[in-house]
Colleague: 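Take this structure first; my questions come after.
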Amino acid sequence: QGPLVESGEGSAQAGGSLKLACEASAADYNTQCMAWFRQVPGKDREEVASIYMYGSVTTYADSAKGRFTISRNSAKHTVYLQIDTLEPGDSGMYYCAAGPMMLGGNPCRTGASQYATWGQGTQVTVSS
C-alpha cells in the first residue's frame, strides 16, 4: 500500500449519496492538509475540497459547495468526502492528496501544486 489509500463506492445512482475515505499511512508534516481532487478524461485535475487535519478549516470549490462535505478523523489519519444528491456530473476519478500546512491565512492552500503526496485514485460513476 502507498502513503494514501482511497476507498469507497464505485458506482451509485443519481440522487443517492456516497462516501469516500482516504487513509494516510502516517500523520506527519506532509499530511497536515488533505484534499480531494476529481479528474475526468481530457480535463485537468480539479480540487473539490481540502481540510486541515488539526483544526476546523475546510475549503470547497464553488462547484462543490452544498452537496460535498469533507471531514476528518485525525486519530485514524483519515479524511472523508461525502457526496449527497449525486449527479452524473459527479462522475470521475477521485484522488486524495496530502501536503504540509502553510503559515498565515488558510493553512491549506488550493491547487494541485500544494500537494506532494497522492493516492492511486478511486473511480466514481453516477448513473441517471
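For reference, positions follow the sequence shown, starting with 1. These figures come from a predicted structure and were not determined experimentally.
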Colleague: Rounded to the nearest 0.5 Å, what's the gap from CD on Glu23 to NZ on Lys76? Could you check?
Modeller: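 That separation rounds to 9.0 Å.
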Colleague: Under the 6.0 Å and 45° cation-pi test, does Arg38 pair with Tyr95?
Modeller: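 No - Arg38 does not lie over the ring of Tyr95 by the 6.0 Å and 45° rule.
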Colleague: Show the nearest heavy-atom pair for residues Leu4 and Ala98, with the distance to one decimal.
Modeller: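 The pair with the smallest heavy-atom distance is CD1-N, 3.8 Å.
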Colleague: Could you tell me which non-hydrogen atom of Ala14 sits nearest to which non-hydrogen atom of Pro88, and how far apart they are?
Modeller: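 Residues Ala14 and Pro88, closest heavy atoms: CB-CD, 4.1 Å.
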Colleague: Just one of Asp62, Asp90, Asp84 clears the salt bridge (Lys or Arg N to Asp or Glu O under 4.0 Å) bar with Arg67, so which one?
Modeller: Asp90
Colleague: Less than 4.5 Å apart, any side-chain heavy atom of Tyr115 and any of Cys108?
Modeller: yes
Colleague: How many angstroms lie between CD in Gln39 and CZ in Arg45, if you round to the nearest 0.5 Å?
Modeller: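 With rounding to 0.5 Å, CD (Gln39) is 5.0 Å from CZ (Arg45).
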Colleague: Give the minimum heavy-atom separation between Gly92 and Val40, together with the two atoms involved.
Modeller: CA-CG1, 4.0 Å
Colleague: If two hydrophobic side chains count as joined below 4.5 Å and joins carry through other members, does Tyr80 share a cluster with Phe68?
Modeller: no
Colleague: With a 4.5 Å heavy-atom cut-off, do Tyr54 and Gln32 have their side chains touching?
Modeller: yes
Colleague: Output, in order, the C-alpha distance, side-chain angles, deciding distance and verdict of side chain to side chain donor-acceptor pair (under 3.5 Å) for Gln13 and Ser127.
Modeller: CA-CA 5 Å; Gln13 292 286 323; Ser127 56; 3.2 Å; yes
Colleague: Under a 3.5 Å cutoff, is there a donor and acceptor pairing between the side chains of Thr110 and Glu47?
Modeller: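 Glu47 and Thr110 do not have a side-chain donor-acceptor pair below 3.5 Å.
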Colleague: Go through the steps to decide whether Thr117 and Thr31 satisfy the test side chain to side chain contact (heavy atoms under 4.5 Å, CB included), and finish with yes or no.
Modeller: CA-CA 8 Å; Thr117 306; Thr31 57; over 6 Å; no
Colleague: Does Met53 offer a backbone N or O that forms a donor-acceptor pair with the side chain of Ser74 under 3.5 Å?
Modeller: yes
Colleague: At what distance, to the nearest 0.5 angstrom, does OG1 of Thr122 lie from CG of Leu18?
Modeller: 9.0 Å
Colleague: Roughly how far, to the nearest 0.5 Å, is the CZ atom of Arg72 from the OG atom of Ser56?
Modeller: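 Separation between the atoms: 7.5 Å.
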Colleague: Under the criterion side chain to side chain contact (heavy atoms under 4.5 Å, CB included), I'd like the reasoning laid out for Trp36 against Ser50: C-alpha separation, chi angles, the key distance, then a yes or no.
Modeller: CA-CA 6 Å; Trp36 287 97; Ser50 66; over 6 Å; no
Colleague: Could you pull out the closest heavy-atom pair between Cys96 and Met34, with the gap in Å?
Modeller: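 Minimum heavy-atom contact is SG-CE, 3.7 Å.
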Colleague: Indicate if Val48 and Met93 have the same hydrophobic cluster label, given that clusters are the connected sets of ILVMFWY residues with side-chain heavy-atom separations under 4.5 angstrom.
Modeller: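 Shared cluster, no.
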Colleague: Between Lys65 and Tyr60, is NZ or CZ placed under 6.0 angstrom from the six-membered ring centre and within 45° of the ring axis?
Modeller: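 So Lys65 doesn't make the cation-pi contact.
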Colleague: Hey, could you give me the NZ/OG distance between Lys19 and Ser7, rounded to the nearest 0.5 Å?
Modeller: 10.5 Å
Colleague: With rounding to the nearest 0.5 Å, note down the distance linking CG in Leu86 to OG in Ser11.
Modeller: 11.0 Å
Colleague: Using side chain to side chain contact (heavy atoms under 4.5 Å, CB included), reason through Val124 and Leu20 one step at a time and then give a plain yes or no.
Modeller: CA-CA 9 Å; Val124 170; Leu20 306 178; 4.0 Å; yes
Colleague: Given ring-ring contact (aromatic ring centres under 6.0 Å, His included), test Phe37 with Trp118 step by step and report yes or no.
Modeller: CA-CA 10 Å; Phe37 287 73; Trp118 293 83; 4.8 Å; yes
Colleague: Do any N or O atoms from the side chain of Glu6 and from the backbone of Gly121 form a donor-acceptor pair under 3.5 angstrom?
Modeller: yes
Colleague: Quick one: do Ile83 and Ile70 end up in the same hydrophobic cluster if we chain Ile, Leu, Val, Met, Phe, Trp and Tyr together by side-chain heavy atoms under 4.5 Å apart?
Modeller: yes
